[in-house]
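A quick write-up on the structure given underneath.
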Amino acid sequence: AQSVTQLDSQVPVFEEAPVELRCNYSSSVSVYLFWYVQYPNQGLQLLLKYLSGSTLVKGINGFEAEFNKSQTSFHLRKPSVHISDTAEYFCAVKETSGSRLTFGEGTQLTVNP
Amino acid sequence: SAVISQKPSRDICQRGTSLTIQCQVDSQVTMMFWYRQQPGQSLTLIATANQGSEATYESGFVIDKFPISRPNLTFSTLTVSNMSPEDSSIYLCSVEGQHTEAFFGQGTRLTVV
């Protein structure tokens with residue numbers, strides 16, 4: 001079975017500062033990795049995904065993430081955040097042979113002026 | 001990408017009643033997924049719905065409480081039966097995209113009083 005741990009439940013930062021949201025996963029088989037964002041009163045939107053190939057993946061809104069197989073991590077980064085990035089961020093994992101998506105507990109990113 | 005419409009977007013219901021949530025996708029999909037997001041928490045998979053067969057429920061969820069219909073390849077319903085305040089959550093419909101990512105509806109925000 002797979003699992004996901006998001007190491008920070010809340011991350012407050014100032015506008016234009018860099019941010020990293022941490023995600024570790026556990027699985028005995030190969031996985032796909034995802035980051036989703038949920039703005040208040042909305043559904044989930046895909047930020048980026050790692051399927052294979054380059055370990056550095058770029059997503060929408062200036063976000064990127066790096067897959068580290070040895071550390072079983074998939075941390076999300078943005079070099080300069082905006083007020084509009086305030087939202088809940090979810091890391092998710094899916095086995096390459098399966099269809100079941102497992103989510104982490106979420107990280108609330110709050111960008112302050 | 002898939003466009004998913006969920007109805008209703010929110011509802012306030014009396015305990016002991018039932019609510020049926022509808023999910024419409026703009027393309028044919030094999031599997032549809034139903035998630036629950038309790039207040040301040042992550043997403044938990046309720047069940048997977050395949051067209052023409054009974055839904056597959058995750059541990060802790062039963063058909064009598066969450067009956068699901070899947071009459072065709074673009075539509076599904078989830079019913080929350082005999083509701084109690086503990087059922088107050090966001091319920092989300094999801095489908096799998098071409099490249100393994102998941103697409104989500106806007107969610108149904110249910111409050112049981």
Side-chain angles (χ1 to χ4, degrees), chain A residues 1-10 21 23-25 27 29-53 57 59-60 63 65 67 74 87-108 110, chain B residues 1-11 21-25 29-51 53 55-61 89-111:
Chain A
Q2 65 235 30
S3 66
V4 180
T5 302
Q6 290 183 242
L7 298 163
D8 307 293
S9 59
Q10 297 192 38
L21 307 183
C23 172
N24 286 99
Y25 70 93
S27 177
V29 298
S30 299
V31 297
Y32 300 130
L33 295 155
F34 308 87
W35 275 98
Y36 288 87
V37 59
Q38 185 177 35
Y39 298 104
N41 299 314
Q42 294 191 29
L44 271 71
Q45 180 182 5
L46 180 69
L47 272 178
L48 48 79
K49 60 188 176 186
Y50 172 79
L51 303 182
S52 65
V57 293
I60 62 172
F63 283 94
F67 170 56
F74 191 55
E88 188 86 17
Y89 291 79
F90 292 98
C91 182
V93 63
K94 181 164 70 173
E95 293 179 357
T96 57
S97 60
S99 60
R100 193 176 187 280
L101 199 57
T102 300
F103 287 87
E105 292 300 311
T107 297
Q108 174 63 46
T110 302
Chain B
S1 65
V3 177
I4 303 171
S5 301
Q6 262 187 257
K7 291 181 183 179
S9 58
R10 59 179 68 240
D11 207 342
I21 302 167
Q22 299 180 4
C23 179
Q24 179 76 51
V25 189
V29 293
T30 304
M31 289 188 288
M32 296 177 77
F33 304 88
W34 287 99
Y35 289 85
R36 181 177 72 182
Q37 185 179 21
Q38 293 178 300
Q41 296 190 29
S42 186
L43 283 75
T44 302
L45 182 63
I46 298 172
T48 303
N50 292 320
Q51 194 265 337
S53 63
T56 303
Y57 289 83
E58 297 294 310
S59 175
F61 297 96
S89 294
I90 302 172
Y91 292 86
L92 293 135
C93 172
S94 172
V95 302
E96 188 176 78
Q98 248 187 334
H99 304 290
T100 77
E101 70 274 27
F103 296 101
F104 290 85
Q106 293 296 301
T108 296
R109 282 149 185 82
L110 170 63
T111 301

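Protein chains get the first letters and strands the later ones, always in sequence-line order, with residue 1 at the start of each. Scope of the values below: all heavy atoms of this structure, side chains included, with no hydrogens, waters or symmetry mates.
B/E101 and A/F34 make their closest contact through CA-CE2, 3.6 Å (heavy atoms, listed as atom of the first residue, atom of the second, distance). Contact record, A/Y36 with B/A102: OH-N, 2.9 Å, taken as the closest heavy-atom pair.
Interface summary for chain A: among B/R10, B/Q37, B/M31, the most heavy-atom pairs under 4.5 angstrom belong to B/Q37. In terms of heavy-atom pairs under 4.5 Å with chain B, the best-connected choice from A/T96, A/T102, A/L46, A/L101 is A/L101. Each of A/Q38, A/Q6, A/Q45, A/E88 has some count of heavy-atom pairs under 4.5 Å with chain B, and the biggest count is that of A/Q38.
Both the backbone and the side chain of B/L43 come within contact range of chain A, with heavy atoms under 4.5 Å apart. Looking at A/Q108, neither its backbone nor its side chain comes within 4.5 Å of chain B, counting heavy atoms on both sides. Both the backbone and the side chain of A/F103 come within contact range of chain B, judged by heavy atoms closer than 4.5 Å. At a 4.5 Å heavy-atom cutoff, B/Q6 makes no contact with chain A through either its backbone or its side chain.
Using modelled atom types, one side-chain atom of B/S42 and one backbone atom of A/G104 make a donor-acceptor pair closer than 3.5 Å.
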